[in-house]
Amino acid sequence: MKKYLSVLLLVIISSCLNDNSPDVPQIVEPEDFSAENEAQIIEYLNANNLESQKSETGLHYIIENQGDGRQPTSISNVTVAYSGYYLDGTVFDENTDEGITANLSDFIDGWQEGITYFNEGGSGVLLIPAHLGYGSFSFNGIPGGSVLIFDINLLEVN
């Protein structure tokens, strides 16, 4: 009897170690889109005759109007009116009327960094590579690895 229990236990343990089982979640490593995104952003800028500034993180930004109010910090509450779209111009999200109000730390990394370059009343464009947006995996309908472009108006620093 002990022999059968030992064999059964060995079979159970070895079946749990089978990595090919459809019930065992597979770990998918994130893909680095940095070089591809940079090339896409440069191509977009050239095609639209735009000049941007680029931060050390890879964020491209265009300040159209600096604004003359307060400049937000990483912990500021801000109200931002925006339109978000892909490189092909397809809009995926926008709130251009009253804007959205939240703590800057609640936004994607590209907004957390980029919005601090403007003063209250300022406007411009953020060109956000995937690593500062939603990363290499799809999220709420946004394809993984996507460059995101936002026309922003910093309405208020609260």
Side-chain angles (χ1 to χ4, degrees), residues 19-158:
D19 288 342
N20 297 325
S21 170
D23 296 333
V24 176
Q26 300 297 310
I27 297 173
V28 179
E29 294 295 323
E31 189 174 339
D32 183 4
F33 285 93
S34 298
E36 180 181 342
N37 287 169
E38 179 65 16
Q40 292 168 324
I41 290 171
I42 297 300
E43 182 179 335
Y44 178 86
L45 292 168
N46 290 336
N48 292 283
N49 199 28
L50 298 170
E51 290 186 29
S52 71
Q53 297 179 58
K54 181 182 173 188
S55 74
E56 290 182 15
T57 65
L59 174 71
H60 285 258
Y61 59 98
I62 301 167
I63 298 175
E64 295 169 343
N65 173 14
Q66 181 63 52
D68 55 9
R70 292 177 292 171
Q71 188 170 21
T73 66
S74 61
I75 58 169
S76 294
N77 287 320
V78 295
T79 302
V80 179
Y82 67 93
S83 181
Y85 49 97
Y86 301 114
L87 292 166
D88 68 1
T90 302
V91 175
F92 62 84
D93 190 16
E94 64 184 338
N95 188 332
T96 57
D97 295 328
E98 70 277 351
I100 183 172
T101 300
N103 190 280
L104 202 48
S105 66
D106 293 338
F107 295 123
I108 60 174
D109 291 346
W111 272 41
Q112 289 180 38
E113 176 185 347
I115 290 175
T116 64
Y117 296 140
F118 298 90
N119 290 38
E120 190 175 63
S123 62
V125 180
L126 301 178
L127 296 103
I128 302 175
H131 70 277
L132 298 174
Y134 294 104
S136 61
F137 301 107
S138 296
F139 180 80
N140 285 343
I142 297 175
S146 294
V147 170
L148 307 177
I149 304 172
F150 289 93
D151 292 333
I152 63 149
N153 292 304
L154 180 53
L155 302 176
E156 190 174 359
V157 177
N158 307 314

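The one candidate from Tyr117, Tyr82, Phe118 that meets the ring-ring contact (aromatic ring centres under 6.0 Å, His included) condition with Trp111 is Tyr82.
Counting only heavy atoms from C-beta outward, the side chains of Ile41 and Pro129 approach each other to under 4.5 Å. By the 4.5 Å heavy-atom criterion applied to side chains, Thr73 and Val157 are not counted as neighbours. Counting heavy atoms from C-beta on, the side chains of Val78 and Glu156 never come closer than 4.5 Å. For the pair Asn119/Leu154, no side-chain contact is recorded, criterion being any heavy-atom separation below 4.5 Å from C-beta on. At least one side-chain heavy atom of Thr79 sits less than 4.5 Å from a side-chain heavy atom of Asn158. Ile128 is not listed as a side-chain neighbour of Val147, based on a closest heavy-atom distance of 4.5 Å or more. The shortest distance between side-chain heavy atoms of Tyr44 and Leu127 falls below 4.5 Å. Put simply, the side chain of Tyr85 does not reach to within 4.5 Å of the side chain of Thr90, judged on heavy atoms.
Heavy atoms only, all atoms of each residue included: Leu155 and Glu98 are closest at CD1-O, 3.8 Å. Across all their heavy atoms, Ser123 and Asn153 have their closest contact at CB-OD1, 2.9 Å. Of all heavy-atom pairs between Ser138 and Gly144, the closest is OG-N, 3.3 Å. Listed here is the closest heavy atom pair of Ser34 and His131: OG-ND1, 3.7 Å. For the residue pair Gln71 and Thr116, the shortest heavy atom distance occurs at NE2-O, 2.6 Å.
Rounded to the nearest 0.5 Å, atoms OG (Ser105) and CD (Gln112) are 6.0 Å apart. Once rounded to the nearest 0.5 Å, the distance linking CD1 of Ile115 with CG of Leu126 reads 6.5 Å. In this structure, OG on Ser146 lies 9.5 Å from CG on Asp88, to the nearest 0.5 angstrom. To the nearest 0.5 Å, atom CG of residue Leu50 and atom CG of residue Leu45 are 6.0 Å apart. Distance check, rounded to the nearest 0.5 Å: CD1 of Ile62 to CD of Glu51 gives 9.0 Å. The distance from the CD1 atom of Ile100 to the CD atom of Glu94 is 13.0 Å, given to the nearest 0.5 Å.
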*Would you please test Ile142 and Leu148 for side chain to side chain contact (heavy atoms under 4.5 Å, CB included) and show each step?*
CA-CA 9 Å; Ile142 297 175; Leu148 307 177; 3.9 Å; yes
*Go through the steps for Ile42 and His60 under the test side chain to side chain contact (heavy atoms under 4.5 Å, CB included), then give the verdict.*
CA-CA 9 Å; Ile42 297 300; His60 285 258; 4.0 Å; yes
_Audit row: Asn46, Glu43, side chain to side chain contact (heavy atoms under 4.5 Å, CB included) steps and yes/no_ = CA-CA 5 Å; Asn46 290 336; Glu43 182 179 335; 5.9 Å; no
*List the steps and the verdict of side chain to side chain contact (heavy atoms under 4.5 Å, CB included) for Ile149 and Leu87.*
CA-CA 7 Å; Ile149 304 172; Leu87 292 166; 3.7 Å; yes
*Start with the C-alpha gap between Asn140 and Tyr134, add the side-chain angles, then the distance that decides, and say whether side-chain hydrogen bond (donor to acceptor under 3.5 Å, both in side chains) holds.*
CA-CA 9 Å; Asn140 285 343; Tyr134 294 104; over 6 Å; no
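When atom types are taken as modelled, the side chain of Ser136 and the backbone of Glu31 share a donor-acceptor pair closer than 3.5 angstrom. Between the Asn65 side chain and the Gly121 main chain, a donor and an acceptor come within less than 3.5 Å of each other. Checked by atom type and distance alone, the side chain of Asp106 never pairs as donor or acceptor with a backbone atom of Ala102 at under 3.5 Å.
Of the charged side-chain nitrogens involved, at least one lies within less than 4.0 Å of a carboxylate oxygen, so that Glu38 and Lys54 count as a salt-bridged pair.
Looking at Glu113 and Ser55, their side chains do bring a donor and an acceptor atom within 3.5 Å of each other. No hydrogens or angles considered: a donor-acceptor pair under 3.5 Å links the side chains of Asn37 and Gln40.
Sparse packing is recorded around CG of Asp68, with 12 or fewer heavy atoms of other residues, nucleotides or ligands lying under 6.0 Å away. The environment of Glu36 atom CD is dense: over 12 non-hydrogen atoms of other residues, nucleotides or ligands sit within 6.0 angstrom. Counting heavy-atom neighbours within 6.0 Å of Asn49 CG, excluding the residue itself, gives a total of 12 or less.
Here Tyr86 and Phe92 bring their ring centres to under 6.0 angstrom of each other.
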